[in-house]
Amino acid sequence: MSKFNLRNRLFFSHILVIIFGLGTFVAIVKYSSPRFFVLRLEQLERRGFLTVRSARTYLINGFQSALDSGTFWSCAVGITAAGGLSYWFAQRITKPLNIMQQITQKFASGNLKERMPASDIPELNELAMSFNRMANSLENVEQRRRELMSDLTHELRSPLTVMRGYLEELADNAIAPSPELYLRLVRETKRLERLTNDLQELSKAEAGYLPIHLQSVNLHPLLTSLVERFDDQLMEESPRLKLEYAAELPAVHADVDRIEQVLVNLIGNALHYTEQGYIIIKGWRDRERVWVAVEDTGVGIADRDLPFVFERFWRADRSRSRYSGGTGIGLAITRRLVELQNGKIEVESELGKGSIFRFYLPIS
Ligand code: ADP
C-alpha cells in the first residue's frame with residue numbers, strides 16, 4: 001500500500017498538528033517569558049528594592065504575570081495555527097467525498113453519464129474507480145435494455161400489422177376468406193408465439209435463471225441420436241448430414257439438455273441456410289476441452305456481419321430471414337447456453353461457401 005494512504009495521511013496530519021501546537025507554545029513561552037520577566041526586573045531596579053526578601057512578592061507576581069502573558073499568546077497563536085492546519089487537512093479529505101456524494105446523487109437520478117474524477121488519495125481513488133466500473137456496466141445494461149425494447153417493438157409490430165391488415169379487409173369484405181389466407185394468419189400467429197417463447201428463453205438465459213445441471217456427458221450417443229432424428233426429416237434434395245465424432249472422445253462437464261438445445265439450434269440453422277452440399281458435425285480434443293463443430297456448405301455470412309451473429313435479433317438479411325421465419329434470437333441463446341456451461345462458441349464463415357460454428361466444453 002502506498003505511503004500516502006488515508007490512514008497514514010490522517011496519522012501524520014494529527015502528529016503535525018500536535019507538533020505545530022506544542023512548537024508554537026514552547027517557542028512563545030521560551031522567547032517571550034524571559035522578556036516579560038526582564039521587564040519586571042527593570043521595574044524592580046527602578047523602585048530601588050535592596051534585599052531579595054523585600055523583592056520576593058514583587059518577583060513572584062512578576063513571574064506569574066510573565067507566565068500568564070506567555071501562555072495567553074502561545075495558546076492564541078498555537079490554537080489558530082493548529083486549528084487552521086487541521087481545517088486544511090479535513091478540507092482536503094472531505095472535499096473529494098462531497099464531490100463523490102454529488103456525483104452519486106446525479107447518477108441515481110438518472111444521469112448515467114456521470115463519472116468520478118481521479119483522486120490523489122489512493123483509497124478514494126480506488127472507490128472512485130470502482131464506482132466508475134459499476135457506472136459503465138449499468139450504462140451498458142441500460143443501453144441494451146433500450147435496444148431490446150426497440151427491437152422487440154419492431155419484431156412484434158410486423159406480424160401484428162400483417163394480421164390486422166388481413167382482418168380489416170376480411171371485415172370489410174374486401175377480400176374473400178380462403179384457406180390460404182387463414183394459413184397466412186396462422187403463420188403470423190405462430191411467428192408471434194415463437195418470438196415470445198424465444199424471448200422467454202433468452203431472458204432466462206441472460207438473467208442466469210436457466211437451471212443448469214452440470215454432469216459428465218458423453219456426446220457421442222447424443223450426437224448419433226440427434227443426427228438420426230434430423231436425417232428422418234430430410235428430403236431427397238436436402239443437404240446430407242454427416243457425423244465425424246470419435247466415440248472415444250472424453251466425456252464433457254455439461255448439461256445434457258442444454259447441449260442438445262445448442263446442437264439443435266446449430267444444426268437447424270445449418271440446414272436452414274444450406275440449399276445443397278453437406279453438413280458435417282465434427283469433434284476433437286484440445287488439451288482439457290472437447291470441441292464440437294457444425295460445418296455447412298450454405299449461404300455463408302459476410303466478414304462484416306460475423307461479429308454480430310451472436311447478437312440478439314441480428315439477421316444477415318432481414319427480409320429474407322423474416323420470410324423464412326427467423327427471429328435472430330437462436331444464436332444469442334446458444335451462446336449464452338454454451339457460456340453457462342463454461343464453454344465458448346465461435347464462428348468462421350465465407351459468403352457463398354459455408355459456415356463453421358464451433359464450441360468447446362471442458363472435459364469432466
Ligand atoms: P434465426 O432465427 O434468424 O436463424 P439465429 O440467431 O439462429 O436466428 O441466427 C441469426 C442470423 O445468423 C440468421 O438470421 C442468419 O442470417 C445467420 N446464420 C445463422 N446460422 C447460419 C448458417 N449456418 N449459415 C448462414 N447464416 C447463418
Side-chain angles (χ1 to χ4, degrees), residues 144 147-148 150-152 154-159 187-206 210 223 226-227 230-231 233-234 238-244 258-283 291-340 343-359:
R144 281 174 53 183
E147 279 169 17
L148 181 70
S150 95
D151 282 344
L152 204 58
H154 180 83
E155 292 298 318
L156 288 171
R157 192 174 290 133
S158 50
R187 212 161 49 222
E188 293 301 330
T189 334
K190 271 194 179 155
R191 195 173 148 64
L192 282 177
E193 203 173 64
R194 199 168 44 231
L195 187 67
T196 32
N197 287 344
D198 281 358
L199 270 174
Q200 192 183 26
E201 195 78 351
L202 179 71
S203 77
K204 276 198 218 156
E206 290 201 332
L210 273 190
L223 286 167
L226 264 179
V227 167
F230 273 103
D231 236 354
Q233 298 166 17
L234 290 184
S238 301
R240 296 295 98 206
L241 202 53
K242 293 190 226 168
L243 179 61
E244 287 179 11
R258 302 302 173 196
I259 304 188
E260 186 171 334
Q261 212 174 336
V262 166
L263 287 163
V264 166
N265 271 348
L266 294 182
I267 301 172
N269 272 352
L271 285 168
H272 205 109
Y273 297 104
T274 307
E275 295 238 316
Q276 54 186 347
Y278 53 85
I279 289 149
I280 314 179
I281 298 149
K282 290 181 179 167
W291 283 86
V292 180
V294 179
E295 257 186 68
D296 67 51
T297 54
V299 291
I301 303 163
D303 268 353
R304 67 184 146 78
D305 290 339
L306 275 180
F308 310 108
V309 286
F310 295 107
E311 306 253 306
R312 53 171 127 68
F313 298 113
W314 186 88
R315 291 180 303 238
D317 178 343
R318 290 204 154 216
S319 54
R320 180 199 66 187
S321 304
R322 180 164 307 143
Y323 182 71
S324 61
T327 55
I329 297 179
L331 284 178
I333 298 179
T334 303
R335 175 171 66 176
R336 194 69 196 122
L337 288 179
V338 172
E339 285 170 357
L340 283 171
K344 200 176 167 215
I345 186 165
E346 40 192 58
V347 57
E348 207 179 288
S349 188
E350 200 177 323
L351 208 56
K353 287 216 163 145
S355 320
I356 306 172
F357 281 86
R358 55 169 175 262
F359 65 91

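The figures here come from the full heavy-atom set of this structure, side chains too, leaving out hydrogens, waters and symmetry mates. Keep in mind that this is a model prediction, so the values were computed, not measured. Every number for a ligand or one of its atoms is a count from 1 in the order of the listing.
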Participant: Has the side chain of T274 got a donor or acceptor atom that lies under 3.5 Å from a matching backbone atom of L271?
Facilitator: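 Side chain of T274 to backbone of L271, a donor-acceptor pair under 3.5 Å: no, none is there.
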Participant: Provide the number and element of each atom of ligand 1 under 4.0 Å from a heavy atom of S355.
Facilitator: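 Numbered from 1, ligand 1 contributes 22 (C), 24 (N), 25 (C).
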Participant: Report, in ascending order of atom number, the atoms of ligand 1 lying under 4.0 Å from any heavy atom of I329.
Facilitator: 6 (O), 8 (O)
Participant: Can you tell me which portion of V299 lies within the under-4.0 Å heavy-atom range of ligand 1? Options are side chain, backbone, both, or neither.
Facilitator: side chain
Participant: Can you confirm whether I329 sits close enough to L199 that some side-chain heavy atom of one is under 4.5 Å from a side-chain heavy atom of the other?
Facilitator: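 Yes - at least one pair of side-chain heavy atoms lies under 4.5 Å apart.
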Participant: Would you mind reporting whether L226 and E260 have side-chain heavy atoms less than 4.5 Å apart?
Facilitator: yes
Participant: Just jot down the ligand 1 atoms closer than 4.0 angstrom to any heavy atom of F357, in number order.
Facilitator: 20 (N), 21 (C), 22 (C), 23 (N)
Participant: Can you tell which of G354, G300, G328 gets a heavy atom nearest to atom 8 (O) of ligand 1?
Facilitator: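 Minimum heavy-atom distance to atom 8 (O) of ligand 1 goes to G328.
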Participant: Does S355 offer a backbone N or O that forms a donor-acceptor pair with the side chain of D296 under 3.5 Å?
Facilitator: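 The answer is yes, because a donor-acceptor pair under 3.5 Å joins these two groups.
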Participant: Answer with yes or no whether G298 contacts ligand 1, where contact means a heavy atom under 4.0 Å from a ligand atom.
Facilitator: no
Participant: Is there side-chain contact between V292 and L266, with heavy atoms separated by less than 4.5 Å?
Facilitator: no
Participant: Answer whether the closest heavy-atom distance between the side chains of L263 and F359 falls below 4.5 Å.
Facilitator: yes
Participant: I need the contact type for L331 against ligand 1. Using non-hydrogen atoms and a strict under-4.0 Å cut-off, is it side chain, backbone, both or neither?
Facilitator: both
